[in-house]
Amino acid sequence: MTSGMSNVDEKVLQYETFIDEVLKQDLQRVLEQRDGVYEKIAQYLQLKNTIESLQESGCKDLKTEVDLGCNFYVQAHVEDSSRIFVAVGYGFYVELTLPEALKFIEKKTSQLTTHTDALTKDAAKIKANIRMVLEGLRELQGLKDLPEERRREVY
């Protein structure tokens, strides 16, 4: 009987280690990726708002501040704001007219939103796997199921 209990304890420890070292790490990685994509979407939407305000004002002349890096800003004067450079990915920038930039932003945010949806589904699958392993641990240890009102989210 003692060797059976030690075998169960060993399996429980293996499953708990799997949850902590694999599943929770995967979940954290997927959620961090999703947050990064949300930040990109926010930047594109901010650019969209800026472009729309430029179009509404109708002035070609623009005074702004440019980040040189490390939050060091300098004042800049743009004589013709009808064309802008937009980051398209992998360190590349493309010069676009304002209407072209708006079209690009719409397509890019749509693509990024699709990517966040996929990451959200991946996170839900990982949470379900964690839940399944926890249920297996509960059965392996012979514990009663918790009532619904006492349950909480895994991560």
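If you're wondering where the values come from, they're calculated on a predicted model, not measured in any experiment.
Under a hydrophobic-cluster definition in which Ile, Leu, Val, Met, Phe, Trp and Tyr are linked whenever side-chain heavy atoms come within less than 4.5 Å, directly or via other members, V12 and I19 are assigned to the same cluster. In terms of hydrophobic clustering, with Ile, Leu, Val, Met, Phe, Trp and Tyr side chains grouped at heavy-atom distances under 4.5 Å, L134 and V22 are assigned to a common cluster.
D117 is linked by a salt bridge (charged side-chain N to carboxylate O under 4.0 Å, His left out) to nothing, counting only residues two or more places apart in sequence or in another chain. Take E21 and apply the side-chain contact (heavy atoms from CB on, under 4.5 Å) test, not counting sequence neighbours, and it matches T17. Considering only residues two or more places apart in sequence or on other chains, D61 meets the side-chain hydrogen bond (donor to acceptor under 3.5 Å, both in side chains) condition with H77. When the side-chain hydrogen bond (donor to acceptor under 3.5 Å, both in side chains) test is applied to D80, the partners found at least two apart in sequence or on another chain are S82. In this structure N49 satisfies the side-chain contact (heavy atoms from CB on, under 4.5 Å) test together with E52, sequence neighbours excluded.
For the residue pair T116 and T113, the shortest heavy atom distance occurs at OG1-O, 2.7 Å. Considering all non-hydrogen atoms of both residues, S81 and C59 come closest at OG-O, 3.6 Å.
For the pair T64 (side chain) and A76 (backbone), a donor-acceptor distance under 3.5 Å is absent.
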Side-chain donor-acceptor pairs of residues 30-45 under 3.5 Å, sequence neighbours excluded:
| residue | atom | partner | partner atom | Å |
| --- | --- | --- | --- | --- |
| E32 | OE2 | Q28 | NE2 | 3.3 |
| R34 | NH1 | T120 | OG1 | 3.3 |
| Y44 | OH | A87 | O | 2.7 |

Distance-only donor-acceptor pairs under 3.5 Å for side chains of residues 103-111, two or more places apart:
| residue | atom | partner | partner atom | Å |
| --- | --- | --- | --- | --- |
| E106 | OE2 | K48 | NZ | 2.6 |
| T109 | OG1 | I105 | O | 2.8 |
| T109 | OG1 | E106 | O | 3.1 |

Side chains of residues 89-101: which donor-acceptor partners sit under 3.5 Å, not counting sequence neighbours?
| residue | atom | partner | partner atom | Å |
| --- | --- | --- | --- | --- |
| E95 | OE2 | R83 | NE | 3.3 |
| T97 | OG1 | E100 | N | 3.4 |
| T97 | OG1 | E100 | OE1 | 3.3 |
| E100 | OE1 | T97 | N | 2.9 |

Run the numbers on D67 and V74 for side-chain contact (heavy atoms from CB on, under 4.5 Å), then give the verdict.
CA-CA 7 Å; D67 186 4; V74 295; over 6 Å; no
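Other residues, nucleotides and ligands contribute over 12 non-hydrogen atoms within 6.0 Å of the CD atom of Q14.
Interatomic distance, E65 CD to F72 CZ, rounded to the nearest 0.5 Å: 11.0 Å.
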